[in-house]
Each structure stands twice: as structure tokens, then as C-alpha cells.
Visitor: 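One structure, as C-alpha cells, below. Some questions next.
Just so we're on the same page: letters track the sequence lines, and every chain starts at 1. Everything numeric here is computed off the predicted structure, so don't read it as measured data.
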There are 2 protein chains.
Amino acid sequence: MYKLTTLGYAILGLLLQPMTGYGIRKVFELTPMGEYSSSPGSIYPALKRLEKELLIEQYIDFEKSVSGKKLYKLTTSGRKELKNWCLKEADLSDVQNRMNEIMLRFVFMEFFVETGIVIKFLKSVKENIDIYIEQLIGYYEKDKLSMPIHASLALEQGIGMIRANSRWAQHAIETITNNIHSD
Amino acid sequence: MYKLTTLGYAILGLLLQPMTGYGIRKVFELTPMGEYSSSPGSIYPALKRLEKELLIEQYIDFEKSVSGKKLYKLTTSGRKELKNWCLKEADLSDVQNRMNEIMLRFVFMEFFVETGIVIKFLKSVKENIDIYIEQLIGYYEKDKLSMPIHASLALEQGIGMIRANSRWAQHAIETITNNIHSD
DNA sequence: CCCCCCATGTAACATGTTACATGATTGA
DNA sequence: TCAATCATGTAACATGTTACATGGGGGG
């Protein structure tokens, strides 16, 4: 069966609000979601694939304008696919290699699941982040004396990044928890 | 003319010390350089390309073992190519989209340039990082009220990461500066 | 009327992924 | 001798990059 790329999921998530292919391109071009390419050679083929898999469909919007713009939106199946993807639990290798994907799932998760699930997700992310930090520190302690200075500084940079993520996860847990109680 | 990928430069840098293709694969598989794929389907074709471009070459090492292992090493041209790449200055778009490449250049730079140049490089990196932080904060301030809570948290994560990089750059500048004076 | 932005596409190309395949060494 | 690791490769495939191309609409 067909396996979506991260770009595919990013597009699905954006289509929680119907838009044109060009609209998607502009999001990638002008917002902090810019890590995904906005080139027509990546977006339009990706949309065709999603449409072929019946995850998205086009419809004509007569509400807003007389001319009737063609917008893409999620199908029921597409919404389900996106939801399942968001609900997957984040393991160590996700944290090590695909933090961007974890963040994307976190963003779209908001529209599907109760706060309890989100907190559980974030706690598991933080646990794996902390395991990863220990691994990196282990590597650092073992080899720092023999490593060239730039290599050791580069490793410190990696540790600094992932530590920032650990703090963020904690912050996110607290923010969302407080958000419940202020309802 | 031929344009190397980041993987290509990563391999060139590793070949500052001669090794086999398998050796390179093991580095990517077992060390914090693991962001590059270690699959044979990526490494061996990449080596062939570098060899075709006369940036690396194989030789038989009789020093270490009688059997004589075939190792790759940099050619003069390859060393020059690597050096030029390391010396390129890092602009804003590098900092926004290719921080991993900047770190790679920083690591290999150690073997080519005087400390003064390294400091200059790091200062320019930090300046661009700080510009980028301002951009992200601008985006955040403008839209945080209208943004869904998860999106706003995700943006905070991005800001946290890049802030960690700014602190790291400052730390690296100081470490390297102190290193001069302790000679 | 002309330029800019909206809007969508395609073709050639290089790269990387996954899976398969082979043979040599080496330590238990 | 048998399994694990060293060591190198290839083929099919999907994706993304770069560059080119087209046409409509709106504002100055």
C-alpha cells in the first residue's frame, strides 16, 4: 500500500482548512512552516498523489466568490489517515531523527484528541528526549578527550538543541495543563 | 558542472582520515553523525560519484596489514573543494534552513583555517541566528492571539531551538578564544 | 496597457530508500 | 564449522529540484 511522506501529512494538516494548491505553497513560502519546499514541482504532484489515494478532493466554493474557486479539502478517509498518524506514539528513533515530524503531529493533534492524550504524548516525547540526552552525554564523556575541539563543540551543540526540546516539552505540558484548569 | 550534496561533503570530510566505504557507513550508523544515511544504496553510489569527479581516490594500504586494504582518501583537488566549501560564509538562509550544514563546515574547518577565521565565521553565524530569532519573534507576537495553542507552542519550540544555537555560538566563540590564549 | 501576483502544471534529472545479493574474514 | 561482521555492490522505485511554460485577473 501507499506510504505518505511527511510533506504529504503536512499538506493533509493544512487542508483541515480548505485551500488551493497555491495557498499551500504560500504557507510554506511565507510562514515558519517553511521547512517544506514550496516549489510547484513538489506541491502539485503531491496533491495529485493524495487525490489519487482519495485522501483529499477538490470542490467549487460558491460561498465566497461568484466565480467559484476550486479548493482542496480532506475527505473522510483523509481526515482519518491524518488522525491515525497524529495518534501514533513517538518512540526514541522519532526523537533522534524526526523531531520535525513530531512537532507536525503535535500541531495537528489539537484538532482531534482530548487534552489527556496530548499530555500523554508530550510526556512520552520528553521521556525519549531525556534518554537521547543521556546517550549523547555518554558519547561526549567517553570521547571528549580524544575528539578534536570542533567536533566536541559540535556535539555540545547537538546536546544543547535536544536539551532545549526537553525544556520545551515540559513547558508545553504545563501550558496545556493550565489551559484545562482555566476553562 | 557537478554540484555536491551535503552527504558528499560529509564523506569528503571523513576522508581527511583514509577509510573504506564500510568505515564511513559505520560512522553514520554508530556516531552522532547519524543524520546521514548509512545505507549501502546511498554511500557506495556517492563514493563512485566523488571518485568520478576526481575528488577522492582509492589506494592500497600496505603499512597496517600485509593483505593490503583498499582505502579511500582525498585527492589534492578534493581537499581543495572541501576547504572552499568550509570557507564559504554562512548567510541568513543557511541559518534558517541548513544549520546542519553549517555545523559540518565548522567541524571540518578546524583542519584548514586559522583560529581568527573560525571566530569570524562563528560571529557571522551568531549574527544571522539573532536576525532569525527576531523574525520568528515578530511572527509570534503578530499572530499568537489568533493562532491555535499548539501552533503557538510549536513556534515557541522553534524559537527555543534557535536560541539554544545562539547561546552555543557564543559559547563556541569563547571556548576557541580561550584556547588561543592557553597556548 | 502593462506588470505583478494568482494559479497550475510538466519534463529532465539527481538523489536517496528498500530490498536483494554476494563473498571474505574471523572469533567462538 | 558456523555465525557474525566486514565489505561492496545493484535494481526498482518514489520523491524532490530546477527550469520552463501557460493563462487569468486586478490595480496603477
Side-chain angles (χ1 to χ4, degrees), chain A residues 1-12 14-15 18-30 33-53 55-61 64-73 93 97-98 100-101, chain B residues 1-12 14-15 18-30 33-53 55-61 64-73 93 97-98 100-101:
Chain A
M1 12 89 295
Y2 179 71
K3 175 107 170 22
L4 280 80
T5 63
T6 309
L7 174 64
Y9 286 109
I11 291 175
L12 283 191
L14 287 182
L15 290 180
M19 38 178 137
T20 64
Y22 187 75
I24 290 166
R25 292 186 57 208
K26 284 295 145 182
V27 171
F28 292 155
E29 195 181 319
L30 302 171
M33 282 193 76
E35 57 182 311
Y36 304 97
S37 163
S38 70
S39 78
S42 71
I43 301 299
Y44 293 107
L47 285 167
K48 291 289 167 205
R49 289 195 294 273
L50 294 172
E51 199 173 14
K52 206 174 96 189
E53 297 296 320
L55 300 171
I56 63 175
E57 63 189 3
Q58 280 184 302
Y59 73 103
I60 296 170
D61 179 37
K64 307 279 162 80
S65 65
V66 193
S67 54
K69 287 193 168 184
K70 275 175 80 178
L71 301 178
Y72 280 103
K73 66 168 182 178
S93 101
N97 308 309
R98 284 174 297 279
N100 59 336
E101 210 184 282
Chain B
M1 12 90 295
Y2 180 71
K3 173 107 172 22
L4 280 79
T5 63
T6 309
L7 174 63
Y9 286 109
I11 291 175
L12 284 191
L14 288 182
L15 291 179
M19 41 177 134
T20 64
Y22 187 74
I24 290 166
R25 291 186 57 209
K26 285 293 143 182
V27 172
F28 292 154
E29 194 181 319
L30 302 170
M33 282 193 77
E35 56 182 312
Y36 305 97
S37 165
S38 69
S39 78
S42 71
I43 301 300
Y44 293 107
L47 285 167
K48 290 290 165 204
R49 289 195 293 273
L50 295 171
E51 200 173 15
K52 206 173 97 189
E53 298 296 320
L55 300 170
I56 63 175
E57 63 190 2
Q58 279 184 301
Y59 74 104
I60 295 168
D61 178 38
K64 307 279 163 80
S65 65
V66 193
S67 54
K69 288 193 169 184
K70 276 175 76 179
L71 302 179
Y72 280 104
K73 68 168 181 177
S93 101
N97 308 309
R98 287 174 295 279
N100 58 336
E101 211 184 281

Visitor: Between N or O atoms, less than 3.5 Å apart, protein on one side and nucleotides 9-19 of chain C on the other: list the pairs.
Guide:
unit_1: C:dG9; atom_1: OP1; unit_2: A:Lys48; atom_2: NZ; d: 3.3
unit_1: C:dT15; atom_1: OP1; unit_2: B:Tyr2; atom_2: OH; d: 3.1
unit_1: C:dT15; atom_1: OP2; unit_2: B:Arg49; atom_2: NE; d: 3.3
unit_1: C:dG16; atom_1: OP2; unit_2: B:Arg49; atom_2: NH2; d: 3.1
unit_1: C:dT17; atom_1: OP2; unit_2: B:Ser37; atom_2: OG; d: 3.0

Visitor: Measure the spacing between NZ of A:Lys26 and OG1 of A:Thr20 and express it to the nearest 0.5 Å.
Guide: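 It is 10.5 Å, given to the nearest 0.5 Å.
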Visitor: How far apart are the closest heavy atoms of A:Met33 and A:Ala10, and which atoms are they?
Guide: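 Looking at all heavy atoms of both residues, the closest pair is CE-CB, 4.4 Å.
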Visitor: Send over the distance from A:Tyr22 OH to C:dT8 P, rounded to a whole Å.
Guide: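 For the pair A:Tyr22 OH and C:dT8 P, the rounded distance is 10 Å.
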Visitor: Might you work through the side chain to side chain contact (heavy atoms under 4.5 Å, CB included) test for B:Leu15 and B:Leu50, ending with a clear yes or no?
Guide: CA-CA 11 Å; B:Leu15 291 179; B:Leu50 295 171; 5.5 Å; no
Visitor: Quickly work out the A:Glu51 CD to C:dT8 P distance and round it to whole Å.
Guide: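 It works out to 11 Å between those atoms.
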Visitor: Taking all non-hydrogen atoms of both residues, which atom of B:Arg25 and which atom of B:Pro40 are closest, and how far apart?
Guide: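 Looking at all heavy atoms of both residues, the closest pair is NH2-CD, 3.4 Å.
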Visitor: A:Tyr72: what forms a ring-ring contact (aromatic ring centres under 6.0 Å, His included) with it, not counting sequence neighbours?
Guide: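 In terms of ring-ring contact (aromatic ring centres under 6.0 Å, His included), with neighbours along the sequence ignored, A:Tyr72 is linked to no residue.
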Visitor: What is the distance, rounded to the nearest whole Å, between atom CD of B:Glu29 and atom C1' of D:dA4?
Guide: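 My rounded result for the distance is 14 Å.
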Visitor: Measure CD1/B:Ile43 against P/D:dC6 and give the value in whole Å, please.
Guide: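 In whole Å, D:dC6 P and B:Ile43 CD1 are 15 Å from each other.
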Visitor: I need the NZ-P distance between B:Lys70 and D:dT8, as an integer number of Å.
Guide: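 It works out to 8 Å between those atoms.
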Visitor: Please give me the minimum heavy-atom distance between B:Gly41 and B:Pro45, naming the atom from each residue.
Guide: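 Closest approach of B:Gly41 to B:Pro45: O-CG, 3.3 Å.
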